[in-house]
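First the proteins, then the strands, lettered A, B, ... as listed; each starts at 1.
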Number of protein chains: 2
Amino acid sequence: MQDSLKKTFPTFSNELIQEIQEHASIQSFKAGDVMMRTGQYINNTMLVTKGQLKVFREGENGGEFLMYFLQPGQACAVSMICATKSQTSQITAVAVDDVELIIVPLSLMEKWMMEHRSWNEFVIYTYRIRFEELLEVVDNIAFRAMDERLEFYLKRHSDACGCKDVKLSHQEIARDLNTSREVISRLLKKMEQRGLVQLHRNHIELLN
Amino acid sequence: MQDSLKKTFPTFSNELIQEIQEHASIQSFKAGDVMMRTGQYINNTMLVTKGQLKVFREGENGGEFLMYFLQPGQACAVSMICATKSQTSQITAVAVDDVELIIVPLSLMEKWMMEHRSWNEFVIYTYRIRFEELLEVVDNIAFRAMDERLEFYLKRHSDACGCKDVKLSHQEIARDLNTSREVISRLLKKMEQRGLVQLHRNHIELLN
DNA sequence: AGGTCTATGTGACAATTGTTACTGTAAGAG
DNA sequence: CTCTTACAGTAACAATTGTCACATAGACCT
């Protein structure tokens, strides 16, 4: 574990890695698992060591909205925030692949802040990255229409998986963008006519 | 200045306040001044000591979008982010009242992080508060229609000024919500018919 | 009073998005 | 192979929002 930790979190000091090994636990999830749900009580922070996960915001009436992905080497800023106040989660997290996490309890999270410079910097870095990501999310919904948001969404997915095929149904895309399946079908069809994508069953091939 | 600093930032240690007095400078703005513009180069963090300011996100095509207010005792999280990377600003800030700021250069900002626990906690706290605020913003635009967003906007303004009168033209409101004046007029008229507000020239009175 | 702003009201229409209803079709189970 | 189910296409309509055009009204100056 030490080696993989050092690889995934290269900025962590040796002492910090030592502490993590001694005190933190590991948790695994299968692809598709709901790892955290809105309203759930949280008192630890999660570091991603393997796999990829999606973080959603949920509306009162059951709507969902994809905010960002988390990759190995990253941490969930929302879990840090909630953990700090020992609050309930304001987001839902779903495993995209099989995921492995390091669980850091609140007490340690605060203790390390003063003891390990590399932890402190990691926390600040995490806030910063997520904050910037959220700014982009705000941009997208505030300034762009659904067609542009869809294009952006597809590009992000293709970047995340490193290939030109997005293996999602129209229904799943609609959920992530908080709209309806029909709207997505309509817009995808237009994109196909413009030669941007090739539509297949259960996956979309990006051209160009 | 020492007393007012201590009052506005009660969590700061005496040593930190001492350092601020020695090294930081003060800057003033008049109501309506644009304090920071998208694209401007930033290498310091700003702490609000007096007055109130609005923070906007700007779209490519000239649109604006109000994200949050900053009050005395708070700091601009975006300026922290940009300062950390010595980047250009991704937001626009406008003074609502006459505003007074403490300017903390990047070098000190980083130095204090390790030297002053109260500064470190303040930075974390600032990220946390702004992050939560941004989550609310995302909620509003992702899950709510313009009429609800308008109601929320008016309530926020009335809270901010502590009175039941919002002294804004329809045009200004439209800019803040990134829509058109006509839409705001229309929705306000409906609110008036529902007995929620009383419309006057250049200000809106909240009832109930 | 008359003139000149700016703010507001409003109707008509376009564009986008949401909703309903129904069709066809591919994939997988038995 | 056939049945079932999930996925995708599409037409028609509703609702919301954006845009254009123009009317009205108050504020302010001279």
Against the side chain of B/V183, the closest entry in D/dG18, C/dG18, D/dT16 is D/dG18
If you count the non-hydrogen atoms of other residues, nucleotides and ligands that lie under 6.0 Å from NZ in A/K54, is the total more than 12?
yes
Measure up the B/W119 and B/F122 rings against each other and bin them: parallel (under 30°), tilted (30 to 60°), perpendicular (over 60°).
tilted
Specify the separation, in whole Å, of atom CD1 of A/I173 and atom P of D/dG9.
11 Å
Take the angle between the ring planes of A/F12 and A/F9 and call it parallel below 30°, perpendicular above 60°, tilted in between.
parallel
According to the interplanar angle, ranging from 0 to 90°, do the rings of A/Y153 and A/H157 count as parallel (below 30°), tilted (30 to 60°) or perpendicular (above 60°)?
tilted
Would you please classify the geometry between the A/F143 ring and the B/F65 ring as parallel, tilted or perpendicular, with 30° and 60° separating the classes?
perpendicular
When the C1' atoms of the five terminal pairs at each end define the local axes, what inter-axis angle does the helix from C/dA1-D/dT30 to C/dG30-D/dC1 show, to 10 degrees?
30°
What is the distance, to the nearest angstrom, from the CD1 atom on B/I141 to the C1' atom on D/dT17?
16 Å
Qualifying salt bridge (charged side-chain N to carboxylate O under 4.0 Å, His left out) pairs with a residue from residues 161-174 of chain A, counting only residues at least two apart or across chains
none
Here the salt bridge (charged side-chain N to carboxylate O under 4.0 Å, His left out) pairs for residues 149-161 of chain B, sequence neighbours left out, are B/E151-B/R194
What parts of residues 146-157 of chain A reach DNA chain C, counting only heavy atoms under 4.0 Å away?
A/M146
Length of the line joining B/F143:CZ and C/dT17:P, which is rounded to integer Å:
17 Å
Contacts under 3.5 angstrom, residues 66-76 of chain B side chains, donor-acceptor by atom type, not counting sequence neighbours:
unit_1	atom_1	unit_2	atom_2	d
B/Q74	OE1	B/Q71	N	2.9
B/Q74	OE1	B/R130	NH2	2.9

The contact string for nucleotides 6-13 of chain C, one letter per nucleotide 5' to 3', using protein heavy atoms under 4.0 Å with B, S and - for base, sugar-phosphate only and none, comes out as BSBBB-B-
Examine the side chains of A/T38 and A/T92 and answer whether a donor and an acceptor come within less than 3.5 Å of each other.
yes
Tell me, yes or no, whether the heavy-atom count around A/E22 atom CD, taken from other residues, nucleotides or ligands under 6.0 Å, exceeds 12.
yes
Whole angstrom value for the distance that separates P of C/dT19 from CD1 of A/I184:
13 Å
Heavy atoms of A/L206 and A/L154 approach each other most closely as CD1-O, 4.0 Å
